[in-house]
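Side chains are part of it too, since the values below use all heavy atoms of this structure and drop only hydrogens, waters and symmetry mates. Quantities reported herein were computed from a predicted structural model and do not represent experimental measurements. Chain letters run A, B, ... following the sequence lines, proteins first, then strands; residues in each count from 1.
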Amino acid sequence: MTTTPAPLIEVAGLRKSYAGRAVVDDVSFTVDEGEIFGILGPNGAGKTTTVECVEGLRTPDAGRIRVAGLDPVRDHAQVTGLLGAQLQESEIQPKLTVREALELYASFYPDPLDWRPLAGRLRLEEKLGTRFAKLSGGQKQRLFIALALVGNPRVVVLDELTTGLDPRARRDTWQLIEDVRDRGVTVLLVTHFMEEAQRLCDRIAVIDKGRVAALDTPSGLIRQAAGATVISFTPSAPLDDQELAALPGLASTAHKDGRVTLTGGDETVNAVLTLLARHHITAHQLRVSDATLDDAFLDLTGAGQS
Amino acid sequence: MSTATATSATTPSAPVNRAVLKAEFTLFRREAGSLIGILLFPVLLLVILGSIPSFRETDAGLGGIRLVDAYVPVTVLLGMIAGGIQSMPPIITGYRERGILRRMSTTPVRPAAVLGAQMGIHGVAVLVSVAVCLAVGRIAFDVALPRQIAGYLLALLLSVVVALALGALIASRARTTKISNAIGSVVFFPAMFCAGVWLPVQAMPDALAHIVELTPFGAAAQALNQAAAGDWPAWSHLVVLAVWAVALTGAAARWFRWE
Ligand SMILES: Nc1ncnc2c1ncn2[C@@H]1O[C@H](COP(=O)(O)OP(=O)(O)OP(=O)(O)O)[C@@H](O)[C@H]1O
Ligand SMILES: [Mg+2]
């Protein structure tokens with residue numbers, strides 16, 4: 001694209017407190033049209049609070065939120081017309097059947113999707129006559145995904161998209177979300193699954209204790225994380241600890257049964273190899289394991305240190 | 001600033017939404033408890049009482065009518081109490097408690113549509129119950145149909161509004177379904193007493209009757225009785241009903257919470 005369109009979702013300086021405690025504190029990010037934007041973070045980090053402010057379900061104490069230029073609280077009626085939501089916790093009428101729920105929610109929107117193919121893709125066609133209360137946890141989750149999409153929204157906000165889904169349903173759902181995005185829909189996604197974030201998200205905000213700890217592409221986050229690359233080898237001769245400690249980007253050193261395990265960044269790998277070559281030491285069984293988003297997450301949220 | 005323009009969706013934010021009404025009606029038909037309470041219980045009581053021979057003898061204390069005549073309006077009110085106070089509030093509180101109203105508030109339809117649909121459905125169910133009681137009274141026990149039709153309809157309408165507003169107020173104040181049920185039961189017995197379930201208002205001692213006439217269902221009972229007998233209901237009763245309707249609706253609207 002040659003022109004930079006205004007972001008479809010803007011969150012700037014968002015703050016929300018409960019009982020005097022800030023649970024979301026100065027969170028800012030933007031999501032471009034057609035982007036899949038992920039929010040990662042430990043339990044209680046403030047992810048749900050953040051996205052429910054975007055949905056207009058909670059009123060921020062401070063900060064500015066815009067969805068397609070609209071204020072989700074002040075312009076709630078208009079925002080609901082273009083935003084589909086799957087909440088982390090919600091229910092529908094227990095005795096409403098899947099078909100009735102899909103028909104009902106489709107009727108709420110001016111230009112809904114045909115709910116039948118949607119139900120098919122989420123493998124709900126066998127359950128159309130089943131009442132909500134009689135569905136399994138994963139089936140309820142699939143229905144909520146369908147209800148979030150049935151209005152043919154411009155923006156979907158999905159809070160824990162695939163929690164409770166079996167591996168196959170999870171993969172089907174990822175494909176569905178990718179297809180939805182390919183139609184130009186903007187997706188804001190909260191997840192605890194690194195595989196999901198890595199596969200779906202163009203960019204990710206890691207939220208920790210109510211603040212944005214990092215915001216980058218998945219590979220950017222991995223690169224940012226300290227000590228996410230693990231280098232291990234058995235040296236042919238003992239190594240000087242001080243020289244090891246001076247390695248660039250080094251996060252930790254460990255010796256066990258003659259084997260050295262280092263964690264560090266990309267630059268650490270080359271430095272170790274140079275060091276070994278300089279001392280004419282051979283590294284037996286040299287292993288360099290790729291950093292994962294998991295490692296990056298643990299590092300960025302400080303949960304890895306405990 | 002050039003922000004992306006919002007699609008100007010026609011926002012059906014009106015409190016009446018046909019799809020919601022249809023869904024809530026489907027759900028209402030699946031609630032056996034509500035159906036029995038509103039539609040069956042009043043007419044069953046009438047049939048049982050009417051089957052007792054002494055209820056079919058004229059009673060001087062009642063001004064020359066039979067007990068069964070006095071009990072038709074009572075069962076009419078019973079349907080209203082069952083619908084407005086027993087059945088409706090726990091449904092609405094349950095919807096709020098489970099986050100159903102919250103989920104709906106992320107759609108272009110306001111959760112008020114659910115409240116509107118519930119009040120409409122319960123209002124109609126109560127009117128059906130009234131019609132059944134009047135018909136069974138007429139056919140099975142030869143109880144005369146209301147003679148002052150316009151007055152009867154006016155009193156009936158006001159009473160239904162009062163019953164629904166009272167239910168909405170309970171739903172607005174009760175945080176959980178349990179509390180809602182508890183308040184419902186607490187209000188249920190005084191309401192039934194005032195409606196004359198144990199003792200028709202005409203048969204109450206004067207001092208008691210004057211107090212009961214100030215309560216919503218006491219006033220409703222008197223107004224309905226007068227219209228049934230062929231008189232225009234006393235304005236005092238209609239005014240009492242209207243004041244209750246306005247006060248209860250206002251209180252419910254003021255305190256109602258969607259979450
Ligand atoms: N309505 C509320 N009243 C009081 N405290 C709240 C409320 N909602 C959230 N909190 C608090 O705010 C913090 C953040 O909650 P939030 O639900 O946003 O976390 P989260 O990141 O979505 O966590 P999870 O991964 O467990 O879903 C928590 O400590 C929670 O106790
Ligand atoms: Mg959450």
Could you look at Thr26(B) and say if it's the side chain, the backbone, both or neither that has a heavy atom under 4.5 Å from chain A? side chain

Between the side chains of Glu31(B) and Lys95(A), is the shortest nitrogen-to-carboxylate-oxygen separation below 4.0 Å, so that they form an ion pair? yes

Is it true that Arg102(B) and Glu52(A) make a salt bridge, defined as a side-chain N closer than 4.0 Å to a carboxylate O? yes

Report the C-alpha distance between Gln93(A) and Glu24(B) in whole Å, list the side-chain angles of each, state the deciding distance to 0.1 Å, and finish with yes or no for side-chain hydrogen bond (donor to acceptor under 3.5 Å, both in side chains). CA-CA 9 Å; Gln93(A) 293 87 327; Glu24(B) 291 302 322; 2.8 Å; yes

Return the option, out of Leu87(A), Asp111(A), Val157(A), with the maximum number of heavy-atom pairs under 4.5 Å with chain B. Leu87(A)

With chain B, which of Pro94(A), Ala148(A), Pro72(A) has the greatest number of heavy-atom pairs at distances under 4.5 Å? Pro94(A)

Parallel, tilted or perpendicular: ring planes of Phe28(B) versus Phe25(B), cut at 30 and 60 degrees: parallel

For Glu100(A), is it the side chain, the backbone, both, or neither that has a heavy atom closer than 4.5 Å to a heavy atom of chain B? side chain

Which answer fits Leu147(A), side chain, backbone, both or neither, if we ask what part of it has an atom under 4.5 Å from a heavy atom of chain B? both

Could you check which of Leu27(B), Leu101(B), Ile100(B) has the highest count of heavy-atom pairs closer than 4.5 Å to chain A? Ile100(B)

Is the NZ or CZ atom of Arg103(B) positioned over Phe144(A)'s six-membered ring, under 6.0 angstrom from the centre and within 45° of the axis? no

